[in-house]
Amino acid sequence: MPSAGNYLDVALFSVLPYVALFTFLLVTIERYRGQAFTYSSLSSQFLENQQHFYGLVPFHYGILTVLTGHVVAFFLPAGLLWWNDHPARLYVLEAAGLIFGLLTLVGLLAIATRRLNVPRIREVTSVTDWIVLGLLLMQVASGVYVALVYPWGSSWFAAIVAPYLWSLLELAPNLGAIAPLPLAVKLHITNAYLLILFFPFTRLVHVLVVPNPYLWRRPQVVRWYRRAPSPARHG
Ligand code: HEM
């Protein structure tokens, strides 16, 4: 007879991912159709600039690099395993992952501290903002913990987690290799699903509307129209 643990695994790793993905797609599209102007990071830079810089910049450099690593491991697991075949290359990759993970964590802590300590910023922080920051902190902290305690994640992600994620996409979840994973890894995966679930309700939607056209559109020419200074004013 299946144990309570088995049922929990099925709920978290076979059901939750679909609930999260379905909600993500549905709400993202509906929100864009109905309230396109709310697709924004809701910048607070004009309220406070200095702590903003020291939080937002490291956080974004860190998270974008770490996310790219996850995407590469998902799409090219065999390539990653080939790269890691050589210990020196494995160490470089693992060290880089940890450094960017720590950069993300430091940036995130700075962002949260700014929201707590600067009264003007606290004023404009909503409950959803706190949920986003809480989930991100849990995600990044559990990621760094896993990197420190269960090393060579780049290899076991490619060998265990990537096939599981592909099985989800093929609508045939295979929990065989996921069920025995340590609790911290399971927490990291579950929290990622929660982030995907809450994503479309929060300011995280800004990730989907990066102003890409700036990269290829023709430069914008701004012309100033000023009247010639009147000679009378200059004596
Ligand atoms: C795709 C590239 C991305 C761009 C261009 C971008 C850009 C921005 C900008 C312009 C802000 C507003 C900063 C301000 O207050 O002025 C912001 C805030 C934020 N971004 Fe991103 N972002 C990106 C990716 C991400 C990703 C991948 C995440 C997390 C998964 C993320 C999480 C956040 C959060 C949580 C905030 C709000 C921080 C706060 O509490 O003030 N961003 N982002």
Side-chain angles (χ1 to χ4, degrees), residues 16-17 20-21 23-25 27-29 31-32 35-75 96-147 153 157 161 165 187-217:
L16 181 61
L21 202 61
T23 312
F24 175 87
L25 291 174
V27 181
T28 302
I29 295 168
R31 180 169 168 186
Y32 196 75
Q35 311 162 47
F37 287 120
T38 66
Y39 265 63
S40 157
S41 62
L42 300 173
S43 175
S44 58
Q45 187 174 13
F46 62 102
L47 293 174
E48 191 284 326
N49 199 7
Q50 201 177 19
Q51 291 183 42
H52 177 272
F53 176 85
Y54 290 110
L56 268 288
V57 172
F59 168 73
H60 278 91
Y61 276 120
I63 192 83
L64 288 174
T65 312
V66 169
L67 275 181
T68 306
H70 284 64
V71 171
V72 170
F74 174 67
F75 282 108
L98 184 60
I99 288 169
F100 280 100
L102 286 169
L103 191 68
T104 317
L105 188 59
V106 169
L108 200 52
L109 287 172
I111 289 174
T113 312
R114 169 177 177 263
R115 289 211 168 259
L116 270 177
N117 290 348
V118 181
R120 287 208 284 180
I121 305 295
R122 204 170 48 230
E123 192 78 13
V124 295
T125 304
S126 65
V127 175
T128 1
D129 290 335
W130 288 120
I131 295 177
V132 169
L133 286 179
L135 285 173
L136 282 174
L137 266 175
M138 177 64 92
Q139 191 63 21
V140 180
S142 62
V144 169
Y145 177 83
V146 166
F157 184 102
V161 184
L165 292 175
L187 176 71
H188 190 65
I189 299 175
T190 307
N191 198 74
Y193 294 146
L194 293 180
L195 263 169
I196 295 171
L197 183 74
F198 280 104
F199 183 103
F201 301 99
T202 70
R203 63 167 71 213
L204 285 180
V205 287
H206 75 278
V207 179
L208 302 175
V209 287
V210 181
N212 293 322
Y214 281 109
L215 296 176
W216 57 78
R217 73 153 201 221

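Indexing begins at 1, ligand by ligand and atom by atom, following the structure's order.
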Notebook entry, point to check: Closest non-hydrogen protein atom to atom 26 (C) of ligand 1, residue and atom name please, with distance?
Noted result: Val207 CG2, 3.6 Å
Notebook entry, point to check: To the nearest 0.1 Å, how far is atom 40 (O) of ligand 1 from its closest protein heavy atom, and which atom is that?
Noted result: Arg115 NE, 2.7 Å
Check: Taking the side chain from Arg31 and the backbone from Thr38, do they hold a donor-acceptor pair closer than 3.5 Å?
Finding: yes
Margin query: Before we go on, tell me: are the rings of Tyr39 and Tyr32 under 6.0 Å apart, centre to centre?
Written below: yes
Note to self: On a heavy-atom basis, which atom in Phe157 and which in Ala73 lie closest, and how many Å separate them?
What the structure shows: CD2-CB, 3.4 Å
Note to self: Classify the ring geometry of His188 against His70: parallel below 30°, tilted from 30° to 60°, perpendicular beyond 60°.
What the structure shows: tilted
Check: More than 12 heavy atoms of other residues, nucleotides or ligands under 6.0 Å from CZ of Phe24: is that the case?
Finding: yes
Margin query: Suppose I only count heavy atoms of Phe59 and a 4.0 Å limit; which atoms of ligand 1 are within that range?
Written below: 29 (C), 31 (C), 32 (C), 33 (C)
Notebook entry, point to check: So which protein heavy atom does atom 33 (C) of ligand 1 come closest to, and at what separation?
Noted result: His206 CE1, 3.3 Å
Item checked: Nearest non-hydrogen partners of Arg203 and Leu42, listed with the distance -> NH1-O, 3.3 Å
Next item on the list: Could you see which bit of Leu136 sits under 4.0 Å from ligand 1, with heavy atoms only: side chain, backbone, both or neither?
Entry: side chain
Note to self: Distance alone, cut at 3.5 Å: any donor-acceptor contact between the side chains of Thr128 and Ser126?
What the structure shows: yes
Check: Among protein heavy atoms, which lies nearest atom 16 (O) of ligand 1, and at what distance?
Finding: Ser43 OG, 2.4 Å
Item checked: Electrostatic pair Glu48-Arg114, nearest N-O below 4.0 angstrom -> yes
Next item on the list: Any atoms of ligand 1 less than 4.0 Å from a non-hydrogen atom of Ser44? List them with their elements.
Entry: 14 (C), 15 (O), 16 (O)
Next item on the list: Find all atoms of ligand 1 within a distance of less than 4.0 Å from any non-hydrogen atom belonging to Gln45, and give their numbers and elements.
Entry: 15 (O), 16 (O)
Next item on the list: Give the residue and atom name of whichever protein heavy atom lies nearest to atom 5 (C) of ligand 1, and the separation in Å to one decimal.
Entry: Val210 CG1, 4.1 Å
Next item on the list: Please report which non-hydrogen protein atom sits nearest to atom 14 (C) of ligand 1, along with the residue it belongs to and the distance in Å to one decimal place.
Entry: His52 NE2, 2.8 Å
Item checked: Minimum heavy-atom distance Ala110-Gly55, with the two atoms named -> CB-CA, 3.7 Å
Notebook entry, point to check: Looking at atom 37 (C) of ligand 1, what's its closest protein heavy atom, distance included?
Noted result: Arg203 CD, 3.7 Å
Checklist line | Whether over 12 other heavy atoms sit under 6.0 Å from Tyr145 OH | finding: no
Notebook entry, point to check: Looking only at heavy atoms, which two atoms of Ser142 and Leu187 are closest? And how far apart?
Noted result: CB-CD2, 4.3 Å
Next item on the list: Measure Leu67 to ligand 1 on non-hydrogen atoms and call it side chain, backbone, both or neither using the 4.0 Å cut-off.
Entry: side chain
Check: Can you tell which of Ile111, Asn49, Thr104 gets a heavy atom nearest to atom 38 (C) of ligand 1?
Finding: Ile111
Item checked: ligand 1 contact on Leu42 by region, counting heavy-atom pairs under 4.0 Å -> neither
Note to self: Considering non-hydrogen atoms of the protein only, which is the closest contact for atom 23 (C) of ligand 1, and what is the distance?
What the structure shows: His60 CD2, 3.4 Å
Check: Counting only heavy atoms, which portion of Asp129 has something under 4.0 Å from ligand 1: side chain, backbone, both, or neither?
Finding: neither
Next item on the list: Answer yes or no: does an N/O atom from Ser41 fall short of 3.5 Å to an N/O atom of ligand 1?
Entry: no
